[in-house]
Amino acid sequence: MDVATKHPLFEKGIQFIAAIFGPVVNVLCAVGLLKGALTICTTLHWLAPSNSTYQVLWLLSNVFFSFLPIFLAFTSAQVLRTNPFTAVLIAAFLVQPQLTTLLTHQATLFGVTLPNTRYDSTVLPIIFAVILLHFVESALKRYLPQVIQSMFVPLLSLLIVLPVTLFLLGPIGNLLAKGVTLGYNNTMAISPIIAMAILSGLFPAFIMVEISTALAPVVINNIAVKGDDTILISLGMCLFSLAGMSLAVYLQAQPGSKTRAAALSGIVTALLGVGEPAVFGVGLNHRRQFAGSMLAAAIGGLIVGAFQTKVTAFIIPSIVTIPAYVGQPGYLGILIGAPVTFFLSLAFNSLAIQRVSHVRA
């Protein structure tokens, strides 16, 4: 009996996430490849970060992630069969810079101070908001006269959903990130090996819900205050494991299939430091392989933890930035851990695919 049979709600949740991200996977892969290409260009000194061409292309590669809630609002509304324009309006409100400025200055709503939360590049707040919107709209359509529904259902929906999102649903992502950070730091104090293994193994799931994005300020703070960081190292083990998973799927998929195209994009982007295409384009549709990538990443975390590998600058691990880790504390850990994690993930997931006997095209 598999997980889906024993836990149908878990299976429905995964199917819901896959349905939300499915329509945007191609765009996600495109910007992931562009990000990877820019990483190569800066690493090889073909483009300087101060170059205007680089800055324009970097903005293009980053805008999708910054406004990700808007894309997810539309796809979530389609899946839940609720008003997509109301959903997009909620998302646009959440990511507008003026709201961020207001929240940083302790803005109030109905006399109550709003939590200081950033909504750009987030996943959970807008998904929760659209789910709430679905139920609010259904209730309003049930009780309001049909003649006024076209005007008052969107209005009342906004007045109900937005405050709940700002006060309750929005801060959930931040609380999860803070919980992960607190648990990780406490475990690091006990055993760096165990802490880095756990974090590396969980990182693919963190990418799925964009907790990984919320951890970026923690990384920056670690480098600024302590002088080094280990979270980026765990991210590296995750990325190489996702690349191995994608290669396993690619090798077994039918030539010319959508699965093979998504897997190829997953390989390239993960090796270049962007994990989302591998997670959403491959992992959500091949959940055994996704679990295999988490196991391989955890083993990679054991290796870098044993070497106490750290980084003293914000360098996202990738196949082109690995040389920059030479000379960093415990750098042998990532030089050994990255290829070991990649090939372990490839081996684990190749065996898992053979057991299933085919990969869905």
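When all heavy atoms of Leu168 and Ile172 are compared, the pair lying nearest together is O-CG1, 3.4 Å. In plain terms, the two heavy atoms of Leu242 and Gly275 that are nearest each other are CD1-O, 4.0 Å. Closest heavy-atom contact between Ala278 and Ser246: CB-OG, 3.6 Å. Taking every heavy atom of both residues into account, Tyr119 and Leu166 meet most closely at OH-CA, 3.6 Å. Pairing each heavy atom of Thr341 with each of Gly300, the nearest pair is OG1-CA, 3.1 Å. Closest approach of Pro115 and Leu103 over heavy atoms only: O-CD2, 3.7 Å.
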Side chain to side chain contact (heavy atoms under 4.5 Å, CB included) between Leu94 and Leu99: does it pass, once the steps are laid out? CA-CA 7 Å; Leu94 293 176; Leu99 176 63; 4.3 Å; yes
Let me see the working for Phe240 and Leu344 under side chain to side chain contact (heavy atoms under 4.5 Å, CB included), right down to the final yes or no. CA-CA 10 Å; Phe240 281 96; Leu344 278 178; over 6 Å; no
Side chain to side chain contact (heavy atoms under 4.5 Å, CB included) assessment of Leu156 paired with Leu144: CA-CA 11 Å; Leu156 294 175; Leu144 289 179; 4.0 Å; yes
Please step through side chain to side chain contact (heavy atoms under 4.5 Å, CB included) for the pair Phe135 and Ser138, ending with a clear verdict. CA-CA 5 Å; Phe135 290 106; Ser138 298; 5.6 Å; no
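Formation of a donor-acceptor pair under 3.5 Å by the Ser61 side chain with backbone atoms of Trp58 is found in this model. In this structure, Gln55 contributes its side chain and Pro49 its backbone to a donor-acceptor pair below 3.5 Å. For the pair Ser350 (side chain) and Ala347 (backbone), a donor-acceptor distance under 3.5 Å is absent. Formation of a donor-acceptor pair under 3.5 Å by the Ser257 side chain with backbone atoms of Arg260 is found in this model.
Counting heavy atoms from C-beta on, the side chains of Leu239 and Ser318 never come closer than 4.5 Å. The side-chain heavy atoms of Tyr54 and Leu38, taken from C-beta on, include a pair separated by under 4.5 Å. At a threshold of 4.5 Å between non-hydrogen side-chain atoms, the residues Ile131 and Ile127 count as touching. Looking only at side-chain heavy atoms (C-beta outward), Pro163 and Phe110 come within less than 4.5 Å of each other. You'll find the side chain of Lys310 stays beyond 4.5 Å of the side chain of Leu232, heavy atoms only. Contact check for Leu28 versus Pro277: side-chain heavy atoms found under the 4.5 Å cut-off. Taking the side chain as every heavy atom from C-beta outward, His286 and Thr259 approach each other to under 4.5 Å. A 4.5 Å side-chain heavy-atom check between Leu140 and Phe152 finds every atom pair outside the cut-off.
A side-chain contact (heavy atoms from CB on, under 4.5 Å) with Phe74 holds for exactly one of Val88, Val24, Ile126, Val130; it is Val88. The side-chain contact (heavy atoms from CB on, under 4.5 Å) test with Val304 singles out one residue from Leu335, Ile193, Ile233, Ile336, and that residue is Ile233.
For Gln149, the CD atom is densely surrounded, since the number of other residues' heavy atoms within 6.0 Å is greater than 12. For Ile316, the CD1 atom sits in a loose shell: 12 or fewer heavy atoms of surrounding residues, nucleotides or ligands are nearer than 6.0 Å. No more than 12 heavy atoms of other residues, nucleotides or ligands lie within 6.0 Å of CD in Gln146, so this atom counts as exposed by the packing criterion.
Taking OG1 of Thr309 as the start and CG of Asp228 as the end, the distance is 11.5 Å to the nearest 0.5 Å. Taking CG of Leu158 as the reference point, atom CG of Leu133 lies at 8.0 Å (rounded to 0.5 Å). Going from atom CZ of Phe290 over to atom OG of Ser345 covers 11.0 Å, rounded to the nearest 0.5 Å. From Leu332, atom CG reaches atom CD1 of Ile303 across 12.0 Å, with rounding to the nearest 0.5 Å. Atom CG in Asn222 sits 7.0 Å away from atom OG1 in Thr230 (nearest 0.5 Å). Leu57 CG to Ser52 OG: the interatomic distance, rounded to the nearest 0.5 Å, is 9.5 Å.
Under the 4.5 Å side-chain contact rule for hydrophobic residues, Ile40 and Val56 do not share a cluster. Hydrophobic clustering places Phe167 together with Val161 (ILVMFWY residues linked when any side-chain heavy atoms are closer than 4.5 Å, directly or through intermediates). Residues Leu132 and Leu155 share a single hydrophobic cluster, defined by chaining ILVMFWY side chains whose heavy atoms lie under 4.5 Å apart. No single ILVMFWY cluster, assembled from side-chain heavy atoms under 4.5 Å apart, contains both Phe85 and Ile20. The cluster map of Ile, Leu, Val, Met, Phe, Trp and Tyr, joined by side-chain heavy atoms under 4.5 Å apart, puts Leu302 and Ile194 in different clusters.
Side-chain contact, Gln328 with Thr312: a donor N or O sits under 3.5 Å from an acceptor N or O.
Considering only residues two or more places apart in sequence or on other chains, Ser234 meets the side chain to side chain contact (heavy atoms under 4.5 Å, CB included) condition with Tyr184, Met196, Leu199, Ser200, Phe203.
By the 30° and 60° cut-offs, the orientation of the rings of Phe64 relative to Phe71 is tilted.
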